[in-house]
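Report on the following structure.
Order of appearance sets the numbers: ligands from 1, and atoms from 1 within every ligand. Count residues from 1 along the sequence. Only a predicted model underlies this, so the values are computations on that prediction, with no experimental measurement involved.
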Amino acid sequence: MSPAQQLKGRILVLISDSRVNRLLENILLSSGYEVTFCEEQHCAEKAIALKVPTLLMLGEKLRGGNGLDFAQVLLRKYPGLPIILFVERETPEILKEIIRFGISDYLCLPLRVDDILTAVENALSKSQHNKQWVLLEARRATASLQRKVDELETMTQLGHHINGSLDLDSVLSSIVEAAVELTGAEEGSLLLLDEETGELYMRASRNFQEEFVSTFRLPTQDTLAGSVIQTGEAVLLDESSPTKIKTAYLVHSLVYVPIAKDGRVFGVLGVDNRQKSLPFKARDIKLLSAIAEFAVTAIENARLHENTLLERNKLSTIMSAIEDLVIVVDDQNQLVLVNEAAHSVFGLEDEDATGKLFRDVFSQPELIELVESADKRNFNWLEVTLEGERVYSAQIAPIPNLGLAITLNDITYLKRLDIIKTEFVNTVSHDLRSPLTAIMGYVDLIERTGAVSEMQHDFIRRVQISVQNITNLVDDLLLLGRVEADADAALEDVFLDQLIHFVSDQFSDQIKRHKHEYHYDHPDTFMPIRAHPTHIQHMIENLLDNAVKYTPQGGVITISAKIEKDQAVMQIRDTGIGIPSLDLPYIFDKFYRASNVDSDTVGTGLGLSIVKAVVDSHNGRIWVDSKLGQGSTFTVVFPLKKE
Ligand code: ATP
Ligand code: MG
């Protein structure tokens, strides 16, 4: 059987010469080919569209068309279709076109049986070869694609592993495993630089003996791995005879790539073959370099994690070492941190309070209010008595993006000092009062006992003013002492609105003198508070005195009193000089006077201390809103008498 018969194919013939067609039919059919004849171009098109033939025999001249043009159209659509062209004459132009369009072969009149069969066989066998080549290439391309997909999958898995695990040992082991698998190597290792000794040690490995790994130490001088550290360049080694890698081990082939961050090389990722002499390729360097990037990320992640742990440990050591109580809540008032001191003072030793609501763990209503009303900003500290006797100053500070920190420091000793100081001041004031009265009396008597000169009169007046000032001071101190000491004395029903009326009347001359406009707003009916009427009166006097005194002539002073829920609220507003914000925290301290008060304005700085002592002894609250140069508003709140 001839090769042509073996190939056998479906041949489509489109030639307008009937003699040629007859000849072809005889020859091709008898040689075992399946032959279809078409007379028109469109009929051939249809037949090809239905099933592409193994060969097309095409006439140069077609009925109503040109064979070369038709061949060009078909080859664009079916580049693998072999075409044999029949030409009447073999001209150089025709041959050029045939070559240009990629037509397989041509036949020329007169036709000979052998020529026809040879042309057909050649065209078919060339086409067959082409097909096989395409198939092989496709297979190769598919295999290479598959390999790339596998590599990508391995890389993705590595990425997931690194992101999902903080266990550096396991992550680095998978990195070396991936390096070995993807390069088809026998062994792999990840070497890191020991900064202290300057040597490389094996941090992770695949297919190395455990003992070899644990004792592996390689200098960076005169070694392959060391050269990677020093140059930052990858190394690919391929020798037919095994090479001894400087005191390490013998290999046939090897790839080392640097592990580097920000230009600093601190390790080497390598794969090698010791048994087989399979060479590595440039592609393996690329692969290993990509895998080395994962190692950098993993080591960096581990370093960051370690730093975070270190910082956390530092913080928790500080927190447990400090004596102050520290409590941190998030913006939902859930506990984030309670330090050891707070645990022990609040008796929470056995409790893990984290995550619980502040109000569910701490029972002190004043602390709960401090935390829960933190954003209302009326006050951000308070004194709280814990364990029955110890006094703490509680302060809150906002922590951006987290919540609030509450710190409590023990100020019991300060409180005791304060009591001792107050007692001392009270005693001294008391002892001063009598001699002062005596001095005043005798000074008054001087003028009555005989004529005095103008100058003597002036001196006496100055003595009187000074003694009066000291007497005022002593009176204020005594009053303060009484207010502080009288905290537990019997209380009466006091109507705040009536007391304000009373004090307003006392001040009416003073207000007129200053040409102030004065308003008093209050509801028709008021509710009583339980209080010392004289203390409350002193409180109102001091507040009104300040409003009048610290408002330049012709200002407006407004007092309002109202009932809000279960509280009596009083406000004194003026349009005066205001209080600098730096002074605000201290104005209730004894003897404190703000920096904007000029020295001619009389005062001892005790008025607001008396006010504060009165408010505190009645379980009330007081605060001030003030704008420099615009005025101040003092607000006092007392609990109403309980039914
Ligand atoms: P004292 O009242 O003992 O005679 P004082 O008025 O100076 O003296 P406080 O009443 O305790 O003392 O007030 C303390 C300080 O607060 C004042 O010196 C003043 O600086 C400031 N201050 C108080 N009330 C007002 C106000 N209404 N406007 C502006 N500043 C004020
Ligand atoms: Mg005052």
>> If you measure every N or O of Gly607 against every N or O of ligand 1, does any of those distances drop under 3.5 Å?
In response: yes

> Hey, are Glu311 and Lys314 close enough for a salt bridge, meaning a charged N less than 4.0 Å from a carboxylate O?
Replying inline: yes

> Which bit of Val611 gets closer than 4.0 Å to ligand 1, counting heavy atoms only: side chain, backbone, both or neither?
Replying inline: neither

> For ligand 1, is there an N or O atom under 3.5 Å from any N or O atom of Ser609?
Replying inline: no

>> If the contact criterion is a heavy-atom separation under 4.0 Å, does Phe634 count as touching ligand 1?
In response: yes

> Within less than 2.8 Å of the Mg ion (ligand 2), any N, O or S from Asn542?
Replying inline: no

> Taking non-hydrogen atoms only, is Leu608 closer than 4.0 angstrom to ligand 1 via side chain, backbone, both or neither?
Replying inline: both

> Purely on distance, is any nitrogen or oxygen of Gly603 under 3.5 Å from one on ligand 1?
Replying inline: no

> Is there any N or O on Leu606 that sits under 3.5 Å from an N or O of ligand 1?
Replying inline: yes

>> Can you tell me how the ring of Phe362 sits relative to the ring of Phe346, calling it parallel under 30°, perpendicular over 60° and tilted otherwise?
In response: perpendicular

>> Salt bridge check, Arg359 against Glu372: does any charged N sit closer than 4.0 Å to a carboxylate O?
In response: yes

> Can a salt bridge be assigned to the pair Asp458 and Arg462 using a cut-off of 4.0 Å between side-chain N and carboxylate O?
Replying inline: yes

>> Test of understanding: given a 4.0 Å heavy-atom threshold, classify the contact between Ala594 and ligand 1 as side chain, backbone, both, or neither.
In response: both

>> Against ligand 1, does Gly576 come closer than 4.0 Å with any heavy atom?
In response: no

> Taking NZ, NE, NH1 and NH2 as the nitrogens, is one of them in Asp616 or Lys612 under 4.0 Å from a carboxylate oxygen of the other?
Replying inline: yes

> At a non-hydrogen distance cut-off of under 4.0 Å, which region of Val597 contacts ligand 1 (side chain, backbone, both, or neither)?
Replying inline: side chain

> Between Glu564 and Lys562, is there a salt bridge with N-O shorter than 4.0 Å?
Replying inline: yes

> Taking NZ, NE, NH1 and NH2 as the nitrogens, is one of them in Asp475 or Arg433 under 4.0 Å from a carboxylate oxygen of the other?
Replying inline: yes

>> Within the 3.5 Å criterion, strictly below it, is a donor on Thr601 or Asp598 matched to an acceptor on the partner's side chain?
In response: yes

> Counting both backbone and side chain atoms, is some N or O of Asp545 under 3.5 Å from an N or O of ligand 1?
Replying inline: no

